[in-house]
Amino acid sequence: MSPYALSIIMSSLATGTMLTLASNHWFMAWMGLELNTLAIIPLMTKTHHPRATEAATKYFLMQALASAMILFSSTMNAWFMGEWEITNMSHPISTTILTIGLAMKLGIAPFHMWLPDVLQGLNLLTCLILSTWQKIAPMVLMIQIYPQLNTNLLVVMAILSTTIGGWGGLNQTQLRKIMAYSSIAHLGWMMLVLCFMPSLTLLNLTVYMTMTTVMFLMFMNMMSTTINKMAMSWLKNPVMAASMMIVLMSLGGLPPTTGFMPKWLIIQEMTKQNLIAIMTIIALSSLLSLFFYLRMSYSISLTTSPNISNTFSIWRQNNKNQMFLSMTIILSTLMLPITPTLINILN
C-alpha cells in the first residue's frame, strides 16, 4: 500500500474516533463512527486474499446494520423528545435499539458472531487496530448515555459475553480467534459494571487495550499466528516468551498482574450492589478464559519444539526490543500496587 494512502487511512481512523468523542450531537457522532468503518476496510483488503475479502465484507455488513440502528434510534428519540444531544437519550425504545446497535459494533454477545471470523481473515496489525482503537468510540458513547441504559439488558449481555467468550476459545488453535473470544469476554466485564460505575468500565477498557496491544505486538514480533508457532517462541527469543507468559496471565486476571485489578474492583462494586449471584456466574465464566490462557502459556514454556535448528542465539544480538520488553513487564505486572490510588480517584 502506498505510504500516502496509508497515512490518509490512519488519519481518517484517528479523525473518526476524535469526532465521535468530541461531538455533542448524535448525527456528528454517527458520522465519526461511519468514518471509522470506511477507513479500516482498505486496511482489511490490502493483502488481496479471499479470506481478507470475506472478512471485510462481513465487517462492512455488520457495521452498516449497526450504524443504521444507531441512526434510526437517534432519529426516533429526536422525533419523540425533540432532542439530538447524546446525553438526552431518554426514550426507552430508542435507548434499547441504540444499545443493540453499539453492542453489534463492539462485538458483544449475542451479537458477536462476526468478530472471530473477521479477525481470522486479517493480518495481525489490522487485528490490533480492530481489537483496540475501533472499540473506543462505541464504548465512550455507551459510557455517555449510561444513566438511560437498560440495566437488565446489559447484565444479560455481560453474562452471555463472558460465558461465550470462555467457551468459544477453548477449542481454538488460531491465536487471532482466541484473542477475539478474549475480547468478547472482557467486554462482558465492562458491560456488567457500566450502569453502576462507568469509571470502572473506562479503567477496564484501558487495561484491556494495553494488554491486547502488547499481545498483538508480541505476536507480530514472533511471527506467530497459531499455538504451534507460538511454541517456537522460546527458541527464538526466551525473554520475549517469558514476557508473553506474564501478559497471558494478566489477560486471565491472575494476581498479582495488572489484569487482576479491574476484575477485583468490579467484583467489589457488584458485591456492594448486592448482585452476588450474578457476580458469581461471571467469575466462574472467567475461569474458562483462564484455561486457554494457561494452555497458551503451557505451549510457550513447558513444551519442546521439534525444530532442531540453532536459533537460540538469535535473541542475544537483538537489543532493539529491550525497552519494549521493559514496558511490557511494567504494564503487565507492576500496576497492581497503585490500586488504592485508583480507588480514590474513581470514588
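Residues: numbered from 1 along the sequence shown. What you see is a predicted model; the values in this text were computed from it and never measured.
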side-chain contact (heavy atoms from CB on, under 4.5 Å) evaluation trace for M191 with M139:
CA-CA 10 Å; M191 291 298 102; M139 185 60 73; 3.7 Å; yes
Go through the steps for I70 and K105 under the test side-chain contact (heavy atoms from CB on, under 4.5 Å), then give the verdict.
CA-CA 10 Å; I70 293 171; K105 276 196 168 292; 3.9 Å; yes
Report the C-alpha separation of N36 and T17 in whole Å, then their side-chain angles, then the decisive distance to 0.1 Å, and conclude whether the side chain to side chain donor-acceptor pair (under 3.5 Å) test is met.
CA-CA 7 Å; N36 252 347; T17 301; 3.0 Å; yes
Given M190 and L202, is the side-chain contact (heavy atoms from CB on, under 4.5 Å) satisfied, shown in steps?
CA-CA 8 Å; M190 298 178 209; L202 193 58; over 6 Å; no
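Side-chain atoms of S250 and T258 include no donor-acceptor pair closer than 3.5 Å.
Partners of Q268 under the side-chain hydrogen bond (donor to acceptor under 3.5 Å, both in side chains) rule, at least two apart in sequence or in another chain, do not exist in this structure. For E85, the side-chain contact (heavy atoms from CB on, under 4.5 Å) criterion is met by N24, E83, T87, N88, not counting sequence neighbours.
Minimum heavy-atom separation, S289 to A185: OG-CB, 3.7 Å. Contact between I178 and G169 at its shortest, heavy atoms only, is CG1-O, 4.4 Å. The heavy-atom pair separating A66 from M104 by the smallest distance is CB-CB, 3.9 Å. In terms of heavy-atom proximity, L175 sits nearest to M296 at CD2-CE, 3.7 Å. Residues S224 and L124 approach most closely at O-CD1, 3.8 Å, considering heavy atoms. What you find for S23 and T20 is that their closest heavy atoms are OG-O, 3.0 Å.
At least one side-chain heavy atom of L154 sits under 4.5 Å from a side-chain heavy atom of M142. With a 4.5 Å cut-off on side-chain heavy atoms, I8 and S12 count as touching. Contact check for Q144 versus P198: no side-chain heavy atoms found under the 4.5 Å cut-off.
The distance from the CZ atom of R295 to the CD1 atom of I227 is 4.0 Å, given to the nearest 0.5 Å. Separating the OG1 atom in T225 from the CD atom in Q120 is a distance of 8.0 Å, to the nearest 0.5 Å. Atom CZ of residue F60 and atom CD1 of residue I40 lie 14.0 Å apart, to the nearest 0.5 angstrom. A distance of 12.5 Å separates CG of L6 from OH of Y4, quoted to the nearest 0.5 Å. Within the model, atoms CG of L102 and CG of L33 stand 7.5 Å from one another, a figure rounded to the nearest 0.5 Å. Separating the CD1 atom in I93 from the CD1 atom in I97 is a distance of 7.0 Å, to the nearest 0.5 Å.
Proximity of a side-chain donor or acceptor of W133 to a complementary backbone N or O of L13 within less than 3.5 Å is detected. Checked by atom type and distance alone, the side chain of T212 never pairs as donor or acceptor with a backbone atom of M209 at under 3.5 Å.
Within 6.0 Å of the CZ atom in F196, the count of heavy atoms belonging to other residues, nucleotides or ligands exceeds 12. The number of heavy-atom neighbours closer than 6.0 Å to CH2 of W84, taken from other residues, nucleotides and ligands shown, is above 12.
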